[in-house]
Structure formats: structure tokens, C-alpha cells
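A quick write-up on the structure given underneath.
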Amino acid sequence: MVDCVTCKPVCNCDRPGAVCQDPRFIGGDGITFYFHGKKDHDFCLVSDPNLHINAHFIGKRNDNMTRDFTWVQSIAILFGKHKLLLGARALKTSTWDDSVDHFALAFNGEPLTLPDSEGATWQSNTRPKVSVTRADETDNVLVEVEGSLKIIAKVVPITEEDSRIHNYAITKEDCFAHLDLGFKFYSLSNQVNGVLGQTYRPPGYVSRVNVGAKMAVMGGSKEFETSSLFVADCAVAQFKGGDDSEGSLQGYELPSMRCSSEIDGQGVVCKR
């Protein structure tokens with residue numbers, strides 16, 4: 001989607017294909033639901049014969065609940081024998097700085113570096129072609145895998161107001177930056193699965209979400225969980241791509257998401 005004022009791509013969290021907030025999904029069927037997963041675990045968002053997308057969840061335990069608060073920190077996109085990483089990282093600072101880029105990007109194990117300028121683009125020399133373009137100077141990129149998908153990805157912090165409204169209890173010792181994502185798919189099969197992927201099945205698919213619930217939640221964390229961010233081994237996996245050892249991102253680690261603060265008093269450390 002393009003912002004009519006700025007003419008820039010934006011991640012619209014209120015359209016089908018959105019994965020935003022903690023995390024809130026809007027499926028291809030238009031149904032809005034939450035999938036909480038578990039902190040520090042990986043889950044399959046989309047699995048199709050030619051495409052697989054996993055997400056790494058970060059989070060915080062709420063002692064008054066039976067689950068974690070979770071957010072999507074990074075995603076791995078597998079297609080053919082290729083692996084593309086999009087991740088959010090946070091600097092060890094008490095104040096969120098919009099002028100500093102917080103993206104971690106890698107393709108087939110090699111980190112990608114883009115100039116901090118709007119419109120800066122990186123393209124692969126592979127087939128299908130992969131492109132990553134900055135939609136802003138920092139923290140907002142447009143990713144496209146030729147003939148397969150397009151993603152608008154933005155790195156955002158959990159603000160003090162977010163923590164107050166949702167009772168996250170994020171303290172000055174913790175800093176969570178996460179991804180807001182908007183997906184557009186070009187060629188999914190009728191067998192597509194995954195937390196988000198299953199919502200793109202053809203007519204006749206019945207959503208597992210209780211749409212009448214006050215907070216519609218997608219269950220099934222066990223069937224969607226993967227052993228690693230870059231492995232398509234969830235119970236519902238459909239991916240028939242290349243060998244997992246080729247183009248491995250083993251050894252490439254996202255920077256720590258934990259940061260310290262110089263601010264006194266209570267509240268969230270990441271502020272706009």
C-alpha cells in the first residue's frame with residue numbers, strides 16, 4: 001500500500017496479510033486474530049511447496065497469565081535454495097532514535113548493507129531476483145521476491161503508551177523492538193499452510209478462529225513450531241525447496257534485543 005500524502009509504501013496493519021503488534025494477524029480471508037506462540041521460539045507463518053516463512057518470537061512472561069506477551073522479532077524466507085533474513089535489532093540506549101536504522105538483513109548467510117537513504121536498493125543476481133528497497137531513510141523496507149511475494153516491513157519499538165494500555169509491564173531494563181509486516185502473495189498453492197498461510201486457501205476453507213470471541217486467538221502452537229528459524233520442519237510443512245544446509249545462516253546472529261537505560265523511574269525504555 002502507498003501513503004497518499006507521502007507516496008511511500010507503508011505497512012498497513014488493517015489489511016489482509018498484516019502481522020503486527022503482539023502479534024495481531026489479518027488473514028487472507030479477512031478475519032482478524034491473534035497468535036501468541038511462545039517467547040524465544042520459532043513458528044511457521046507460511047508453508048507452500050515453493051515458499052516457506054518462519055518467524056522468531058520474542059516476549060515477556062506475565063505472571064498473571066498462562067502465556068507470554070510475544071512479538072515477531074525476525075522472519076526467515078525460504079525459497080528454492082535461498083534464505084532471506086529480515087530482523088529487528090535495538091541499540092543499547094534509553095531513547096529510541098528514528099535516525100538510526102534497526103534492521104538486520106541477510107541473504108544466503110551474507111549480511112546486506114543498504115545506505116541510509118530513501119530509495120536505496122539492493123538486488124540479487126539470482127533467479128528469482130530478490131530486491132530490498134528503503135521506503136524511508138531508516139526502519140522501513142520493501143522486499144520483493146520475483147513472482148512470489150512482496151513485503152512491507154517496519155521496525156517499531158514498544159512505547160510507554162503501549163505498555164500502559166496493554167499492561168506489558170516493560171521496564172527500564174528491557175527494550176523490545178519488533179517487526180510490523182504486510183504481506184502480498186502472488187502464487188500460493190491450494191495446499192498452503194502455516195499460521196497466516198492457511199487463511200489463503202481456496203473457498204471451502206473454514207477458519208479455526210472463533211470469530212465470536214472477544215479476542216479471537218489461533219491455537220495450534222505445536223503444529224506450527226519449528227526447530228530453527230531457517231528450517232522448514234513444522235508439522236504442517238509443505239516446502240519442497242533446496243537442501244537446508246546450502247546457504248545456511250548458521251553463525252549469523254541478530255544483535256541482542258536487551259538494552260540498558262539511564263532513565264530514572266518506571267516505564268518503557270524505547271520511546272519515539
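Ion pairing between a basic and an acidic side chain is recognised when a charged N comes within 4.0 Å of a carboxylate O; D116 and R134 show such pairing. Salt bridge annotation for D180-R24: absent, with no cationic side-chain nitrogen under 4.0 angstrom from a carboxylate oxygen. The pair D29-R201 does not count as a salt bridge, with every side-chain nitrogen at least 4.0 angstrom from each carboxylate oxygen.
A donor atom on one side chain and an acceptor atom on the other are not found under 3.5 Å apart for H56 and N54. Side-chain contact of T226 with D42: a donor-acceptor pair under 3.5 Å is absent, judged by distance alone. Using modelled atom types, one finds a donor on one side chain and an acceptor on the other under 3.5 Å when comparing S227 with D233.
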Quick one: do L142 and I151 satisfy side chain to side chain contact (heavy atoms under 4.5 Å, CB included)? Show the steps, please. CA-CA 6 Å; L142 171 64; I151 305 171; over 6 Å; no
Checking L78 against L51 for the side chain to side chain contact (heavy atoms under 4.5 Å, CB included) test, could you report, in this order, the C-alpha distance in whole Å, the side-chain angles of both residues, the deciding distance, and whether it holds? CA-CA 6 Å; L78 316 180; L51 175 69; over 6 Å; no
Before you tell me yes or no, could you show the steps for Y186 and E144 under side chain to side chain contact (heavy atoms under 4.5 Å, CB included), namely the whole-Å CA-CA distance, both residues' side-chain angles and the distance that decides it to 0.1 Å? CA-CA 11 Å; Y186 299 136; E144 187 161 11; 3.3 Å; yes
Before giving the answer on side chain to side chain contact (heavy atoms under 4.5 Å, CB included), spell out for V72 and H178 the whole-Å C-alpha distance, their side-chain angles and the decisive distance to 0.1 Å. CA-CA 6 Å; V72 173; H178 62 96; 5.7 Å; no
Please evaluate residues C44 and C234 with respect to the criterion disulfide (SG to SG under 2.5 Å), reporting the C-alpha separation (whole Å), side-chain torsions for both, the decisive distance (0.1 Å), and the verdict. CA-CA 7 Å; C44 164; C234 59; 3.7 Å; no
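Separating the CG atom in D136 from the CG atom in D98 is a distance of 9.5 Å, to the nearest 0.5 Å. To the nearest 0.5 angstrom, K240 atom NZ is 10.0 Å from Q191 atom CD.
Within the 4.5 Å cutoff, side-chain heavy atoms of L181 are placed close to those of I75. H82 places a side-chain heavy atom less than 4.5 Å from the side chain of T126. In this structure, the side chains of V209 and V217 stay at 4.5 Å or more apart for every pair of heavy atoms. Two residues are said to be in side-chain contact when any heavy atoms from C-beta on lie closer than 4.5 Å; Q198 and R208 meet this criterion. In this structure the side chain of L86 reaches within 4.5 angstrom of the side chain of L105, judged on heavy atoms. Looking at heavy atoms from C-beta onward, Y200 lies out of side-chain contact with V46 at the 4.5 angstrom threshold. At least one side-chain heavy atom of L85 sits under 4.5 Å from a side-chain heavy atom of F230. With contacts defined as side-chain heavy-atom distances shorter than 4.5 Å, the pair N140/I152 qualifies.
The hydrophobic cluster containing V195 does not contain I26, counting ILVMFWY residues as joined when their side-chain heavy atoms lie under 4.5 angstrom apart, directly or transitively. Linking ILVMFWY residues whenever their side-chain heavy atoms come closer than 4.5 Å, directly or via other members, places L188 and V236 in the same cluster. Follow the hydrophobic side-chain contacts under 4.5 Å out from L196 and you never reach Y205; the two are in separate clusters.
Of the possible polar contacts, none joining the T70 side chain to the K38 backbone as a donor-acceptor pair under 3.5 Å is found. Counting only distance, with no hydrogens or angles, the side chain of S187 and the backbone of G147 share a donor-acceptor pair below 3.5 Å. In this structure, the side chain of D48 engages the main chain of S189 through a donor-acceptor pair within 3.5 Å. Side-chain atoms of S148 do not come within 3.5 Å of backbone N or O of V145 as any donor-acceptor pair. Side-chain N or O atoms of H52 include none that pairs as donor or acceptor with a backbone N or O of N50 at under 3.5 Å. Between the side chain of D101 and the main chain of T138, no donor-acceptor pair closer than 3.5 Å is present.
Using cut-offs of 30° and 60° for the angle between ring planes, the H36 and Y34 rings count as parallel. By the 30° and 60° cut-offs, the orientation of the rings of F25 relative to F33 is parallel. F57 and F35 have perpendicular rings, their planes meeting at more than 60° on a 0 to 90° scale where under 30° would count as parallel. Ring orientation note: the planes of F183 and F185 are close to parallel, at an angle under 30° on the 30°/60° scale.
Looking at every heavy atom in both residues, A232 comes nearest to A237 through O-CB, 3.6 Å. Residue D22 comes nearest to W71 through the heavy atom pair CB-NE1, 3.4 Å, listed as atom of the first residue, atom of the second, then distance. Closest heavy-atom contact between I31 and S207: CD1-CB, 3.6 Å. Heavy-atom minimum distance, F43 versus S221: CE2-O, 3.5 Å. G119 and T133 make their closest contact through O-CG2, 3.9 Å (heavy atoms, listed as atom of the first residue, atom of the second, distance).
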